[in-house]
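Keep in mind that this is a model prediction, so the values were computed, not measured. By convention here, the first residue in the shown sequence is residue 1.
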Amino acid sequence: MAVWDLDLLPVQTLRWRLAGATLSGPPALAGRGQTAEISGGGWWTAELNNMDVWSVEQWRAYEAHILDLFGGVETVEVPICAELVGSSDVVATVTAAAALRATTLELTATAGTIYPGAVFTPVHATVGARGYKVRKILSETAGVYSVKILPPLREAVADNAATDFATPRCLMQLDDAAGDAWPTIEPDLSARPSLRFVEAFQ
């Protein structure tokens, strides 16, 4: 599976977020009304803003990516920033098997410390690479963590399955209704395109 090369095609800003859908009830007689999340945990979106494309090597990589994605039909693994909370050095495996759509996971870390906000990619044989955020640490004993995650598991994971905290990524499709993937090229043959991706469900 192709992986978007953020080293060769650096961006000025990178925004990942979990999009979702909510349903709000009528106004309450006292206090706030109630709001419920109805999307099943949300889905990833990523914005790669002001990408630096100017050299022949960069143009070759950019054109190859865009043509391969075919307007959003095909998929690519997009890297997720792993450095924000200091868990990118974690080496961990799944301690107990977890079912599809599970939101609680047990992990055994043999290196590093798992913090809330840590992001990782487990081994998924069918749905490909998926990114999960540690929402909350429920407990930790001698490197064995029980954590809440978002979004819910896209595929069941087996006991002792590997996880990747160093290079987390998610399988995405290009969302390019405005045609921004075909950037305005400056006289010096440089461009600063901005792209939006959404999590792939195929």
Original post:
So, for A82 and P168, which heavy atoms are closest and what is the spacing to 0.1 Å?
Top reply: CB-CD, 3.5 Å
**OP:** To the nearest 0.5 Å, tell me how far R196 CZ sits from N49 CG.
**Re:** 11.0 Å
Subject >> Side-chain donor/acceptor of S55 to backbone N/O of Q58, under 3.5 Å >> reply: yes
Original post:
According to a 4.5 Å side-chain heavy-atom criterion applied to Ile, Leu, Val, Met, Phe, Trp and Tyr, with indirect links allowed, do V78 and I66 form part of one hydrophobic cluster?
Top reply: yes
Original post:
For E57, does the CD atom have more than 12 heavy-atom neighbours from other residues, nucleotides or ligands under 6.0 Å away?
Top reply: no
Subject >> Closest heavy-atom pair and its distance - A2, D68 >> reply: CB-OD2, 4.4 Å
Original post:
Is there side-chain contact between Y62 and P183, with heavy atoms separated by less than 4.5 Å?
Top reply: yes
Original post:
Taking the side chain as C-beta and beyond, is there a heavy-atom pair between Y132 and L105 under 4.5 Å?
Top reply: no
Original post:
Can you find a heavy atom in the side chain of T45 that is under 4.5 Å from one in the side chain of V198?
Top reply: yes
Original post:
When rounded to the nearest 0.5 angstrom, what distance separates CG in L14 from CG in L6?
Top reply: 6.5 Å
Original post:
Measuring from E77:CD to M172:CE, what's the distance to the nearest 0.5 Å?
Top reply: 11.5 Å
**OP:** Side-chain contact test, heavy atoms from C-beta onward, threshold under 4.5 Å: evaluate it for L69 versus V76 and give yes or no.
**Re:** yes
Subject >> Rounded distance [0.5 Å steps], CG in L48 versus CD in Q12 >> reply: 12.5 Å
Name the atoms and distances for all side-chain donor-acceptor pairs under 3.5 Å in residues 107-120, with sequence neighbours left out.
residue : atom : partner : partner atom : Å
T108    : OG1  : T95     : OG1          : 2.5
T110    : OG1  : V91     : O            : 3.4

Original post:
Between W16 (side chain) and W44 (backbone), is there a donor-acceptor pair under 3.5 Å?
Top reply: no
**OP:** For V53 and L9, run side chain to side chain contact (heavy atoms under 4.5 Å, CB included): C-alpha distance rounded to whole Å, both residues' side-chain angles, the deciding distance at 0.1 Å, then the answer.
**Re:** CA-CA 7 Å; V53 185; L9 299 169; 4.1 Å; yes
Subject >> Student check: side-chain heavy atoms of V123 and V94 closer than 4.5 Å >> reply: no
Original post:
Is there a donor-acceptor contact under 3.5 Å from the side chain of E155 to the main chain of V127?
Top reply: yes
Original post:
Under a 4.5 Å cut-off applied to non-hydrogen side-chain atoms, are P122 and V157 in contact?
Top reply: yes
Original post:
Does the side chain to side chain contact (heavy atoms under 4.5 Å, CB included) test come out yes or no for L150 and T103, once each step is laid out?
Top reply: CA-CA 7 Å; L150 278 175; T103 57; 5.8 Å; no
**OP:** Report the C-alpha distance between W59 and I185 in whole Å, list the side-chain angles of each, state the deciding distance to 0.1 Å, and finish with yes or no for side chain to side chain contact (heavy atoms under 4.5 Å, CB included).
**Re:** CA-CA 11 Å; W59 274 116; I185 302 173; 4.0 Å; yes
Original post:
With a 4.5 Å limit on heavy-atom distance, are the side chains of I137 and Y145 in contact?
Top reply: yes
**OP:** Heavy atoms only: give me the nearest L18-P151 pair and the separation to one decimal.
**Re:** CD2-CD, 4.0 Å
Original post:
Is there a donor-acceptor contact under 3.5 Å from the side chain of D176 to the main chain of G71?
Top reply: no
Subject >> Any residue meeting salt bridge (charged side-chain N to carboxylate O under 4.0 Å, His left out) with E199, in chain and number order, not counting sequence neighbours >> reply: R130, R154
Original post:
Sub-3.5 Å donor-acceptor pair from the side chain of E140 to the main-chain atoms of G143, do we have one?
Top reply: yes
**OP:** Begin with the C-alpha distance, continue with both residues' side-chain angles, and end with the deciding distance and a verdict on ring pair (Phe, Tyr, Trp, His ring centres under 6.0 Å) for F197 and W4.
**Re:** CA-CA 11 Å; F197 293 86; W4 191 277; 5.6 Å; yes
**OP:** Quick one: closest heavy-atom pair of A162 and T93, and the distance?
**Re:** CA-CG2, 4.4 Å
**OP:** Can you measure from CG (L67) to CD (E74) and round to the nearest 0.5 angstrom?
**Re:** 12.0 Å
**OP:** Any chance you could lay out the side chain to side chain donor-acceptor pair (under 3.5 Å) test for S88 and E83, step after step, and finish with the verdict?
**Re:** CA-CA 6 Å; S88 62; E83 301 295 338; 3.1 Å; yes
**OP:** Please collect all salt bridge (charged side-chain N to carboxylate O under 4.0 Å, His left out) contacts where either partner lies in residues 47-56, sequence neighbours excluded, each pair once.
**Re:** R15-E47, D52-R192
**OP:** Taking all non-hydrogen atoms of both residues into account, name the closest pair between L153 and A99 and its distance.
**Re:** CD1-O, 3.6 Å
**OP:** With the side chain counted from C-beta on, respond yes when L195 and M51 share a heavy-atom pair under 4.5 Å apart, and no when they do not.
**Re:** yes
Original post:
For the hydrophobic clusters of this structure (ILVMFWY residues joined by side-chain heavy atoms under 4.5 Å, transitively), does one cluster hold both F165 and L171?
Top reply: no
Original post:
Less than 4.0 Å between a side-chain N and a carboxylate O, is that true for R169 and D164?
Top reply: yes
Subject >> Side-chain donor/acceptor of S194 to backbone N/O of N50, under 3.5 Å >> reply: yes
**OP:** Test K148 against L138 for side chain to side chain contact (heavy atoms under 4.5 Å, CB included), laying out the working first.
**Re:** CA-CA 7 Å; K148 283 281 190 182; L138 299 176; 3.9 Å; yes
Subject >> Nearest-0.5 Å distance that lies between atom CG in D159 and atom CD in E106 >> reply: 9.5 Å
